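Here the structure comes first, spelled out in structure tokens, and everything after it is commentary.
Chain letters run A, B, ... following the sequence lines, proteins first, then strands; residues in each count from 1. Keep in mind that what you see is a predicted model, and the values were worked out from it rather than measured.
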Amino acid sequence: MSDKQWLDSRRGFLRESACGMGAMALSSLVANNVTARDPLGSGPHHPPRAKNIIFLFMEGGPSHIDLFDPKPLLNELAGQPIPESFDEVILPMGEFRSPLLECKRKWKQHGESGTWVSDWLPQTATCVDDIAVIRSCWANGINHSAGVCQMNTCSIVGGRPSLGSWVSYGLGSENQDMPAFVVMQDTKTSVVNGPRNWGAGFLPAQYQGVRLQESKTPIPNLFPPKEVKPEHQLGKLDFLEQMNRNFADRYPEQSELEARISSYELAFRMQAQAPEAVDLEQETEETRRLYGIDEKETQVFGRLCLMARRLVERGVRFVQLYSGSGSKWDAHSKIESNHSKLCRATDQPVAGLLKDLKRRGLLKDTLVVWGGEFGRTPMSEKGDGRDHNPSGFTMWMAGGGVRGGQVIGSTDELGLHAVEDRMHVHDLHASILRLLGLDHMELVFDFKGRPERPTINEGRFFEQLVG
Amino acid sequence: REAKYRDRAVESAVTKFPDSIQPLYRKPSSERSPREHQYAELIQEQVEFEFGSLDSKFSKEDKKAILELREQLKEFEALKPRPLPTARVVRDVGPTAPATTIPKRQREVEPGYLSILELGKPSPEPQGASTGRRTQLADWIADPENPLSTRVITNRVWQWHFGRGLAPNASDFGVLGGKPNHPALLDWMTRWFVDQGWRLKPLHRLIVTSATYRQSSGHPKSEDYSKVDPRNEWYWRGDVRRLDAEQIRDSILAVSGRLNESTGGPSSSAGKRRRSIYTLVKRNTRNALLDAFDLPLFFTSSARRDTTTSPLQSLLLINSEEMLDHAKKLASSVESGKPARTIESLWRRVYSRSPSDEESEAATRFLATQSKRYATPIESVPKVRITSLGSADPSALRFEPDGKSVLQTNALLDLGAGGFTVEVVFQLESVFETGSVRTLVSTWNGNRSVGGWSFGVTGKGSRRKPKTLVLHVFGDDGTESVQEAAIFSDHDLRLGRPYYAAAKFIPARGEKKGRVEFTLKDLSDVESVASEVTVEHDIVGAYSGPAVAIGGRLRGKGGDFDGLIGEVKLTARRFAEGSLPPETDSTTSMIGWWKFDPETGILVDSSSRATHLRVDHSQHEDASPQHRSLVDLCHVLLNSSEFLYVR
């Protein structure tokens, strides 16, 4: 079903309390007593450039000055304290006056665009002509909890809906048999803040992200416990439908009772779709190799990236992948070994994803976003690590209408503060929404009498991304 | 003796702030401006945080002395008045308020009332340490003549009972909020409420005893009336409404006879099965059932609940172990041996009504056909319950202190002479009232003349320290006889919190003392650092024990664990043969790694040794096909719309 049809029938549903059977499958996706203004008074607010998004979240904060933002001055001043001319910032570990730590990377310009990428990401470097590197990001949270929260919800204080929830609220699902907003992570360790990173905040619960795992039960409770055999389960479901049907027939004006019946049907269809969506056996050997699934180091994140592509193909709107879940990128000490390992684990898979999306013609409709909750300081910590740096860091975008091969903004000479074309998380989210056809000021949910908007009424679209 | 450690902790916290901010904290409180007070309080929180890990900073001698002193203090504990409950409150920092500015325009604003109500300007008068602003706001809210606050609360009580307010928006009575559809009723009720002295209980009574509230959702003239007023805006019938998240959980527990009805007191973990309003809520680790049924996030207040319907709810209700377990309990409590009677009491229990003849027949038919399907038996499964340790570990086992949950290995254990490391991911629900230990992992069967060890958490009556890690080792201390060594980590564990804990045991050798290295990390707080403690002991050997038990001692000999265990890993240290090499030459070998993963098998050892776990087979229920189909019927009822909705 196209977005337009979905919208029409959705509005129809909201108008009529007693709606016809035709809209039943839809009603399961619609809040029944939500007092929202219809967010999409006139369809998507702008022509969408991207239909889906894959957000690659490098959790813990990758070092921009060792990956995408070379700083020759840093190596000149290495070992000295930061010059007084740089504005002081609060650091979680209080090591602002610690000596500057040299960058041991070899830097090269890549592609036709000549974008700088360090030797930690040789594969990503081959894709730079499709990538817009944003070197001037900044955020407000100095610790992981606040930083990850803001990168997901725009606020350092918890409780607001995640970007993925806003997108599913604004655009709905393309595939009723799959959740619209899916999250996966590479380790068993919890992402900082746990599931509230993909929570719906004050939006209705149906917009929350669903954590997916690569297994035969990718979604929690997708199947009954092993001792329940299919014929027993079907017997139960038949009788349940009969009971619920009788009850719904008694109250025909309560459409949500019909929605409950169809929710079991949807659940049943999800049982077929979800395991298929994450079944990588269906992919060719060549594709699996492209994502690095044949190598031990890259296997885990490679599988996540390949699943992300399969999910996007199946109409999942928002896929978020966490690399290093549980702040593994957080290189307070031994940044060399920490980042070597994580870059090795993600470089091939991420490049594989971009190349695969491109050759399948999916990249034009799929926005890929890469980054962490913040970057890292030019100052050292514990001698061989770097502390958190929310005042200046790099993220990149590719696909979904973004003009590749460009570098946006800059940081100061040591990479501490974003200087030119400063892009706050608010701007980043406003831009992502805009690429998906949503206007960050038009997308509204009335909560407690307040028109709530995804970027808290802040931020702007960076035209440069597409220009 | 603690003082120097406290001073160091303060320094450590304060020096992490920039030089420009540190003086704010250091200057006397009286010299701080209102804004500086706010900063200082925030810095104080960091200081308190450092105090939290003070115990781990003591030197060995100081630690011993401090623990002894604390032990002495305990004697007088009975004299101490019970601490008052504490709550976080918001207060003014002083009689002068910091300026309030609108961020973008940088315009300073003064306190004011809603201008549309034309009430003039407030004129707060400072009192003591307060600006008086909050008092004035409170006075304004509680003014009987305030047209807004009184109507808002009356409307919310109405909304609570009817699912929708007389004014459509619970928090916006302005132009954007929409007009009330029964303004006269709202006015009258508000007046009545104020005249009754602002008491809520009479207002609730007034509403629930009204004819409007007591209407059925079915109406004989439903068809005609629906044409005139399809949305029931004129309240000609009752609405059908889904229960709220907490009501759903409470109802499930109530009908299955498991609701713990104790009232008051501090909150409890979900495992205690008290009413949901007494259940501890963690914003980062949410209860899956409550979450699915629209429980608010509790970051901000919520004026009304959403009612969403999603396939994920249905999956949870029809497939989760938890719901199946409730169905089993419900079945056991209504089973009478006679289907008709069982169905009658089941309907009464779940729907508070008798079944109609048709329903009774349909249910009887279902029981018969489902029983037939069960006539071919399937293999029994362990009674252990899989759950999740929040986000710390997605698949964990729930261990109940019933002597029946203990898992153990068959294979003969040999840990060798080099020592071992045991690692566990767990969450504790309770400790013993006595000094007894809740056992995480053990190789000991309770017999003091046989070697073995137990790793667990001390009870409230522990002579050393309650709720701390302890490794009990029964082994040879060089006297060629089995002696007990109780080695404590002196950590403070909290209930209901996921932890990673490890104990590395290195035996004594000759003159050299043995030691145990404890590691503890709070998995609910990613910013927390693992705390490491080393303690010495004298055991040299014969500590291996015959097999590994998880969640209790071998063969269920007491010390049962209560809580969740997510993962257990046991490794041994091996030395090259023939020599007494320095410790650096040791290698580790995996003895077992149990992850309780339903995918690969709950009881499977994922190490190459394949030392799988087993449960005592005598504890398997061997239910009849009749009983199993009754469980299914109960499960269906717990999934049914009629159970989840009020009419």
(Q) Pair A:F239, B:L367 - check side chain to side chain contact (heavy atoms under 4.5 Å, CB included), show working. (A) CA-CA 10 Å; A:F239 190 59; B:L367 287 177; over 6 Å; no
(Q) Does any backbone or side-chain atom of A:R160 lie under 4.5 Å from a heavy atom of chain B? Answer side chain, backbone, both or neither. (A) neither
**Q.** A:V89 portion near chain B, given a 4.5 angstrom heavy-atom threshold
**A.** backbone
Q | Contact origin within A:F202 toward chain B - heavy atom pairs under 4.5 Å | A | backbone
**Q.** Residue B:A288 versus chain A: region with a heavy atom under 4.5 Å
**A.** neither
Q | Worked verdict on A:Y264 versus B:N639 for side chain to side chain contact (heavy atoms under 4.5 Å, CB included) | A | CA-CA 10 Å; A:Y264 282 88; B:N639 268 267; 2.5 Å; yes
Q: To the nearest 0.5 angstrom, please state how far the OG1 atom of A:T189 sits from the CG atom of B:L523.
A: 8.0 Å
**Q.** Leading residue by heavy atom contact count with chain A [cutoff under 4.5 Å; candidates B:R164, B:Q313, B:R647, B:R286]
**A.** B:R647
Q. Which class fits the ring pair B:Y645 and A:F247: parallel under 30°, tilted 30 to 60°, perpendicular over 60°?
A. tilted
Q: Check each atom of A:L203 against the heavy atoms of chain B and say whether the ones under 4.5 Å are side chain, backbone, both or neither.
A: backbone
Q. Non-hydrogen atoms of chain B under 4.5 Å away: do they reach the side chain of A:Q208, the backbone, both or neither?
A. side chain
Q. What residues form a salt bridge (Lys or Arg N to Asp or Glu O under 4.0 Å) with B:D522, not counting sequence neighbours?
A. B:R497
Q. Between A:V157, A:N143, A:N197, A:V210, which has the largest tally of heavy atom pairs under 4.5 Å with chain B?
A. A:N143
Q.
If you count heavy-atom pairs within less than 4.5 Å of chain A, which of B:D291, B:L637, B:I21, B:N232 leads?
A. B:D291
Q) With a 4.5 angstrom heavy-atom cut-off, which part of B:R241 approaches chain A: side chain, backbone, both or neither? A) neither
Q: Take B:D19 and A:R97 through the test side chain to side chain contact (heavy atoms under 4.5 Å, CB included) and record every step on the way to the result.
A: CA-CA 10 Å; B:D19 296 345; A:R97 300 281 167 223; 4.2 Å; yes
Q: Heavy-atom distances under 4.5 Å only: say whether A:Q271 touches chain B with side chain, backbone, both or neither.
A: side chain
Q.
Contact between A:R196 and B:L297 at the side-chain level, heavy atoms closer than 4.5 Å - yes or no?
A. no
Q: Under 4.5 Å heavy-atom distance to chain B, tell me which part of A:Q242 shows up: side chain, backbone, both or neither.
A: side chain
Q: Among A:S327, A:S145, A:G201, single out the residue with the greatest number of heavy-atom pairs under 4.5 Å to chain B.
A: A:G201
Q.
Would you compute the distance between atom NE2 of A:H232 and atom CZ of B:R628 and round it to the nearest 0.5 angstrom?
A. 6.5 Å
(Q) Check whether B:N319 reaches the backbone of A:L222 with its side chain - one donor and one acceptor, N or O, closer than 3.5 Å. (A) yes
Q: Counting only heavy atoms closer than 4.5 Å, note whether A:P179 contacts chain B via side chain, backbone, both or neither.
A: neither
Q: With sequence neighbours left out, write down each residue that passes side-chain hydrogen bond (donor to acceptor under 3.5 Å, both in side chains) with B:S641, or none if nothing qualifies.
A: A:N244, A:R260
Q: Measure the shortest side-chain to side-chain distance between A:K236 and B:Q370 over non-hydrogen atoms and say whether it is less than 4.5 angstrom.
A: yes
Q.
Under a plain distance cut-off of 3.5 Å, with no hydrogens placed, do B:T309 and A:S263 share a side-chain donor-acceptor pair?
A. no
Q: Select one option (side chain, backbone, both, neither) describing which atoms of A:D177 are under 4.5 Å from chain B's heavy atoms.
A: neither
Q: Could you walk me through whether B:E359 and A:M243 pass the side chain to side chain contact (heavy atoms under 4.5 Å, CB included) test, one step at a time?
A: CA-CA 9 Å; B:E359 285 173 325; A:M243 303 253 312; 5.6 Å; no
Q: State, with a plain yes or no, whether a side-chain heavy atom of A:Q233 is found less than 4.5 Å away from one of B:D632.
A: no
Q. Taking the side chain as C-beta and beyond, is there a heavy-atom pair between B:M323 and A:N221 under 4.5 Å?
A. no
Q: With a 4.5 Å cut-off on heavy-atom pairs, point out which of B:V636, B:D294, B:V240 contacts chain A the most.
A: B:V240
Q. Non-hydrogen atoms of chain B under 4.5 Å away: do they reach the side chain of A:L91, the backbone, both or neither?
A. backbone
Q.
For a 4.5 angstrom cut-off between non-hydrogen side-chain atoms, does B:I318 reach A:P224?
A. no
